[in-house]
Amino acid sequence: MTWWAVDVRTTPAVRDAVSAWLVARTGQAVEERDDGTVVSFAENEAAAERLVAELRAARPEFAALAADRRALEEVDWTVRWRDGMGPRRFGRLTVTPSWTAEAADAATAEALTVVLDPENAFGSGEHGSTRAALALLERHLAPRDLVLDLGSGSGILAIAAVKLGAVRAVGIEIDEEANEVAERNAARNGVADAVEFLAGEAGALAPLLGPAEVVVSNILRTVNTALLPAIRASLAPGGLAIFSGMEEPEAPLFLPELAAAGLAVVDEARDAGWWSVAARRPE
């Protein structure tokens, strides 16, 4: 049987939503490329055509998306998506999928290794926005910090925070199915007792869970901007907010919003065209 790839050219505004829809529709992981293309797979040409038609009909903002279909060589694509995925280092921290030798080191909370497989939740360490957020988290997290992870997805940032020394991490995610994935990942990494995932709106829940020393928001620039008042309210005096999910050209648009919210930039990270920023609340 010849499988087909469906290459969907997205924009930052809809990329995460397209990926989530494709994963939910096909039950398979997608490939997210640095140029914004999201790649899904179908068992034959007719199925690929149906997938494109259903995607465009699923939401108004998907209707105009360009999508190409191409036949693939006859290999087992249920495992081929693993190719190119391996351990990644973020300072002291290693993030790895479960099929590598490094994965054996992740069973305890003390191990500075996070095992995470892509499922139907965003955040595997393979996306530039996640990598940039991890880099800032590793640089600035202090022992015994309380961490809030807004839009926690797979739980990678909350789990990494505990591995790096946080006393507790709480993820807030609107997608309850993503929380199920995150809870499995926390258990796999031996941190289930220190990580909690809540379903709901981050803007409403975050201020109730603070004050936190660190708040991470790896979402979109427009959402990050809307969440600024809630994030500032949830931070302890002197606390740090890490914002990701934004492309490099968006930095000049978001930096004035940070200043208006009374948050002072202390660090930035860039990865494959994605930009993250760490900003501190005054003491």
Side-chain angles (χ1 to χ4, degrees), residues 10-24 32 36 38 58-62 65 120-124 127-134 136-137 147-158 161 169-179 181-182 197-210 212 214-235 239-263 265 268-271 273-279 281:
T10 70
T11 65
V14 300
R15 183 174 300 123
D16 290 348
V18 168
S19 296
W21 187 92
L22 287 169
V23 170
E32 292 187 344
V38 177
R59 297 190 187 182
E61 60 268 33
F62 295 173
L65 293 175
N120 59 330
F122 178 77
S124 66
H127 196 278
S129 66
T130 305
R131 296 194 299 262
L134 278 167
L136 292 177
L137 189 66
V147 176
L148 302 182
D149 179 10
L150 312 187
S152 46
S154 69
I156 183 173
L157 297 176
V170 181
I172 304 173
E173 172 62 58
I174 198 168
D175 182 356
E176 294 188 20
E177 291 185 6
N179 281 345
V181 173
F197 297 100
L198 304 178
E201 295 285 347
L205 291 179
L208 303 178
L209 297 168
V214 177
V215 176
V216 185
S217 182
N218 180 19
I219 312 181
L220 298 170
R221 178 179 59 83
T222 53
V223 180
N224 284 335
T225 299
L227 287 174
L228 278 170
I231 289 173
R232 195 182 193 285
S234 65
L235 281 171
L240 188 77
I242 296 173
F243 300 91
S244 196
M246 298 172 284
E247 294 183 304
E248 289 190 54
E250 296 181 274
L253 302 174
F254 191 64
L255 289 172
E257 301 288 354
L258 285 177
L263 298 175
V265 173
E268 300 178 44
R270 290 171 169 80
D271 193 310
W274 293 88
W275 173 74
S276 296
V277 59
R281 175 182 171 175

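For the numbers below, each heavy atom of this structure counts, side chains included, while hydrogens, waters and symmetry mates do not.
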Mind checking the [atom1]-[atom2] spacing from [X] to [Y]? Nearest 0.5 Å is all I need.
X	Y	atom1	atom2	value
L263	L255	CG	CG	11.5 Å
I219	S152	CD1	OG	9.0 Å
S217	L227	OG	CG	5.5 Å
T130	L157	OG1	CG	6.5 Å
D16	S129	CG	OG	7.0 Å
D271	L136	CG	CG	10.5 Å

Apply the side chain to side chain contact (heavy atoms under 4.5 Å, CB included) test between [X] and each candidate in [options]; give the one that qualifies.
X	options	answer
V214	L148, D149, V147	V147
W274	M246, R131, H127	H127
L150	V223, V170, I172, V216	I172

[X] and [Y]: which non-hydrogen atoms are nearest, and at how many Å?
X	Y	result
P12	L220	O-CD2, 3.2 Å
P207	A230	CG-O, 3.8 Å
R281	A233	NH1-O, 4.5 Å
L235	G239	CD2-C, 3.8 Å
T10	L65	CA-CD2, 4.2 Å
A158	F197	CB-CE2, 4.0 Å

* Please indicate whether E61 has more than 12 foreign heavy atoms, meaning atoms of other residues, nucleotides or ligands, lying under 6.0 Å from its CD. =>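 Counting neighbours around CD of E61, more than 12 heavy atoms of other residues, nucleotides or ligands fall under 6.0 Å, so yes.
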* Asked: If you draw a 6.0 Å radius around CD in E248, do more than 12 non-hydrogen atoms from other residues or ligands fall strictly inside?
  ->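 Yes, CD of E248 has more than 12 neighbouring heavy atoms, counting only those of other groups under 6.0 Å.
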* If we only count heavy atoms from C-beta on, is the L228 to L258 side-chain gap below 4.5 Å? ->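 With C-beta onward as the side chain, the pair touches.
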* **Residue pair V215 / I242, side-chain heavy-atom distance below 4.5 Å** =>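 The answer is no; the side chains never approach within 4.5 Å.
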* Asked: Distance-only, no hydrogens or angles: does the E173 side chain make a donor-acceptor pair with backbone N or O of G153 under 3.5 Å?
  ->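 Yes, the answer is positive, given that a donor and an acceptor are paired below the 3.5 Å cut-off.
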* Asked: Can you list the residues that meet the ring-ring contact (aromatic ring centres under 6.0 Å, His included) rule with F254, with sequence neighbours excluded?
  ->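 Partners of F254 by the ring-ring contact (aromatic ring centres under 6.0 Å, His included) criterion, ordered by chain and then number, come out as F243.
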* Step-by-step salt bridge (charged side-chain N to carboxylate O under 4.0 Å, His left out) determination, R15 to E32 -> CA-CA 9 Å; R15 183 174 300 123; E32 292 187 344; over 6 Å; no
* **Any side-chain donor near an acceptor of the partner, E268 and W275, under 3.5 Å** =>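 On atom types as modelled, these side chains qualify, holding a pair under 3.5 Å.
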* Sequence-distant partners of S234, side chain to side chain donor-acceptor pair (under 3.5 Å), two or more places apart ->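 So S234 forms no side chain to side chain donor-acceptor pair (under 3.5 Å) with any residue.
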